[in-house]
There are 2 protein chains.
Amino acid sequence: MTNQSDNLDVSGRVPLDRQAMLRAMAAHVLQHGLSDASLRPLAKAAGTSDRMLIYHFGNKEALMAELLGYLANAYSEALDEALPTGRADSRGECLYSIAAATRGPQFAPYLALWWQIVAEASRGNETYRTSAREIMRRLLGWVEDFMPAGEADPAGAAQHVLTLVEGAQMLDAVGCSDIADAALARAITAD
Amino acid sequence: MTNQSDNLDVSGRVPLDRQAMLRAMAAHVLQHGLSDASLRPLAKAAGTSDRMLIYHFGNKEALMAELLGYLANAYSEALDEALPTGRADSRGECLYSIAAATRGPQFAPYLALWWQIVAEASRGNETYRTSAREIMRRLLGWVEDFMPAGEADPAGAAQHVLTLVEGAQMLDAVGCSDIADAALARAITAD
DNA sequence: GCACGAATGTAGCGCTTGCTACAAGTCTTT
DNA sequence: AAAGACTTGTAGCAAGCGCTACATTCGTGC
C-alpha cells in the first residue's frame, strides 16, 4: 500500500525515477505494442523488476493509465513537431498537409499503438476510451487552428478533415492506402 | 499431423462439425473479442476441448485464419442484409444510408472485433491484414454499386464515402460520435 | 471377427501472467 | 548509535497459455 505518488519532497529523486521508467516503458510499448506490455517485459525495458513496477505504481491498471497519459503527451509533442505551423492557405492545403504529416513513416509506431487503443476503447475500456478521446480532441483543436483564416466554419471544417484523415489512416493500416489516397485527392480538389 | 481438411467424402459429417465449430467460435469471438480467443474458451464455446480444436485445425494460427474468414463472410452477409438495395438518389443519400446502416447498434460487435483486426494488421500480422483488406474491398464494391446512377466517377465517389464512414466509425469507437456526426452532416450537404 | 485408422478424453509439460510474502538492504531522523 | 521508514531482491503462488503423449473408443473394410 506504500507508494510515493504523493511524495512531493524537494529532493525530487523519486519523481525523476518515475519519469525515467515511464520514458523507457513508453519506448518499449511503441516498439512492441500493448500485447507485450506485461509487467516483466516492461520492467526489463525500464531496467528494473516487476516487483518494483507494482511497488511504484500500485497495480498494473494504474501503471497503464499513467503510461497511456505519458504516451498521449509524447504523441502530442511529436505532432506539434511534425505538423506545419501557422495557417493553411486553403482547405485543400490544410487537409493535404495534415494527412501528409500524420501518415508519414515516423508516426507508424504511434499509429500501430493507436489502433490497439481504439480496439480497447471500442470494447468498453474506459481508461483507453478517455485517453483516446483526449487525443482526438487535441488533434481536432490543432486542425481547427490550422484552418485558413477566411474559413467560414473552421470548427466544422476541422471535424470534416479529421474524419477523413482518420479514415485514411485506418485504410493505411489494412493495406488499402490506394483507397485512402484517392479519397483524399478527391476531397482536396473538391475543396 | 492427421487433420481432415482434405476430407471431401460424401458423408459430409466432418465438414459439418467443422462448420458448427466455426459458427460457435465466431459467436464467442463476436461477444468476447480476440483477447478471449484462446483455445480453452473457444473450445468451451464450441462444446469440445482444446485438444480437439488442435486436432481439427492443426494449430492456433490456422484456426484463427479459418475463423477470420468465417467472420468476414458473416460480416458481409450482415451488411447485405442491413444495407439498402438498389441505388441511392444522390451522393448525399448514399453517404447517409451507408453511415446509418453500418453505425447501427447491431454492428457494434462486428466493429469491436474490427478494430482488433485493424490493430493486428497495423502491427504487421499478414493473416489479419489480408482478411481486413478483403473486407474493405468488398465493402467498397458495395458502396460503388449503391452510387446514384448519374454519378460521373462512381469508383472515386465510393472511395471517398468509404473513407469518411470508416473515419466516423473510429470516432464512434473512442466516444467522439459528435465529431463524426458533424463531419458526415457537412459532407452530405456539400454533395 | 479382426485389424486398422480416425476420433476423443485425460493428464500434463514448460512457459507467462499479475501479484505477494519475506527478508534484507539503505537512508534519514532523533 | 538506535529506530524507523523507504527501497529493493528472491522466491513463489495460482491461473492461464499453446500444445503433446498416451490410452482409449469407435466405425469400417477385409
Side-chain angles (χ1 to χ4, degrees), chain A residues 1-22 24-25 28-29 31-68 116 120 123 125 127-128, chain B residues 1-22 24-25 28-29 31-68 116 120 123 125 127-128:
Chain A
M1 210 47 63
T2 34
N3 79 27
Q4 70 272 60
S5 60
D6 43 358
N7 180 348
L8 299 176
D9 75 357
V10 259
S11 86
R13 237 193 71 242
V14 162
L16 262 183
D17 284 348
R18 214 186 172 77
Q19 280 303 107
M21 281 179 176
L22 284 172
M25 289 191 291
H28 178 84
V29 164
Q31 200 169 19
H32 298 98
L34 285 182
S35 30
D36 198 40
S38 43
L39 289 178
R40 284 167 181 81
L42 285 179
K44 193 169 184 182
T48 176
S49 66
D50 56 337
R51 168 71 186 73
M52 289 317 296
L53 290 186
I54 295 292
Y55 174 74
H56 281 298
F57 295 91
N59 57 45
K60 204 205 171 184
E61 196 186 337
L63 191 166
M64 289 310 292
E66 200 155 344
L67 187 50
L68 238 54
Q116 296 194 298
E120 287 295 321
R123 289 233 153 255
N125 185 320
T127 303
Y128 288 81
Chain B
M1 208 47 66
T2 34
N3 79 27
Q4 68 273 60
S5 60
D6 43 358
N7 181 349
L8 300 176
D9 76 355
V10 258
S11 87
R13 236 193 73 244
V14 163
L16 262 182
D17 286 349
R18 212 186 173 78
Q19 280 303 107
M21 282 179 176
L22 284 171
M25 290 191 291
H28 178 85
V29 164
Q31 200 170 18
H32 299 98
L34 285 183
S35 31
D36 198 41
S38 44
L39 289 179
R40 284 168 181 82
L42 286 178
K44 193 169 185 181
T48 175
S49 66
D50 56 336
R51 167 72 185 72
M52 289 316 296
L53 289 185
I54 295 294
Y55 175 74
H56 282 299
F57 295 92
N59 57 46
K60 204 206 171 181
E61 196 187 337
L63 191 166
M64 289 309 292
E66 200 154 345
L67 187 51
L68 239 53
Q116 296 194 297
E120 287 295 319
R123 289 233 153 253
N125 186 319
T127 303
Y128 288 79

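As a basis for the values below, the full set of heavy atoms in this structure was taken, side chains included, without hydrogen atoms, waters or symmetry mates. First the proteins, then the strands, lettered A, B, ... as listed; each starts at 1.
The distance from atom CZ of B/Phe57 to atom P of C/dT8 is 12 Å, rounded to the nearest whole Å. Here the C1' atom of nucleotide D/dG18 and the NZ atom of B/Lys60 are 8 Å apart, to the nearest Å. Look at CG on A/Leu53: it is 14 Å from C1' on D/dG9, rounded to the nearest Å. Residue A/Lys44 contributes atom NZ, which lies 10 Å from atom P of C/dT16 at whole-angstrom precision. When the C1' atom of C/dT16 is taken as reference, atom NE2 of A/His32 falls 16 Å away, rounded to whole Å. Rounded to whole Å, the distance from CG on B/Asp17 to P on D/dG27 is 14 Å. If you measure from atom OH of B/Tyr55 to atom C1' of D/dC22, you get 15 Å, rounded to the nearest angstrom. The interatomic distance linking B/Met64 (CE) with D/dC17 (C1') rounds to 14 Å, in whole Å.
Looking at the side chain of B/Met52, the nearest of the listed nucleotides C/dT8, C/dC19, D/dC6 is C/dT8. Considering only side-chain atoms of A/His56, the nucleotide from C/dT8, C/dG9, D/dT8 that sits closest is D/dT8. Comparing C/dC19, C/dG9, D/dT7 by their nearest atom to the side chain of A/Ile54 picks out C/dC19. Candidate nucleotides C/dG18, C/dC19, C/dA7 were compared by shortest atom distance to the side chain of A/Ser38, and C/dG18 ranks first.
A search for side-chain hydrogen bond (donor to acceptor under 3.5 Å, both in side chains) contacts involving B/His32 returns B/His28, not counting sequence neighbours. Listed by chain and number, the residues in a salt bridge (Lys or Arg N to Asp or Glu O under 4.0 Å) with A/Arg40 are A/Asp50 (sequence neighbours excluded). Under the rule for a side-chain contact (heavy atoms from CB on, under 4.5 Å), the partners of B/Ala24 that lie at least two apart in sequence or sit in another chain are B/Ala46. Applying the side-chain hydrogen bond (donor to acceptor under 3.5 Å, both in side chains) rule to B/Gln116 yields the partners A/Arg123; only residues at least two apart in sequence or on another chain are considered.
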With the criterion being N/O to N/O and under 3.5 Å, what pairs connect the protein with nucleotides 11-14 of chain C, and how long is each?
residue, atom, partner, partner atom, Å
C/dG12, O6, B/Arg40, NH2, 3.4

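Side-chain contact check for B/Met25 versus B/Leu53: some heavy-atom pair is nearer than 4.5 Å.
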Show the atom names and distances, to 0.1 Å, of all donor-acceptor pairs under 3.5 Å that link a side chain in residues 57-68 of chain A to residues at least two apart or in another chain.
residue, atom, partner, partner atom, Å
A/Asn59, OD1, A/Glu61, N, 3.2
A/Asn59, OD1, A/Ala62, N, 2.9
A/Lys60, NZ, A/Ala37, O, 2.9
A/Glu66, OE1, A/Arg18, NH2, 3.1
A/Glu66, OE2, A/Arg18, NE, 2.9

For this session: Using the side-chain contact (heavy atoms from CB on, under 4.5 Å) rule, take A/Leu42 and A/Val29 through it: C-alpha gap first, then chi angles, then the decisive distance, then the call.
Result: CA-CA 8 Å; A/Leu42 285 179; A/Val29 164; 3.9 Å; yes
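Among the heavy atoms of the strands, none lies under 4.0 Å from B/Thr48.
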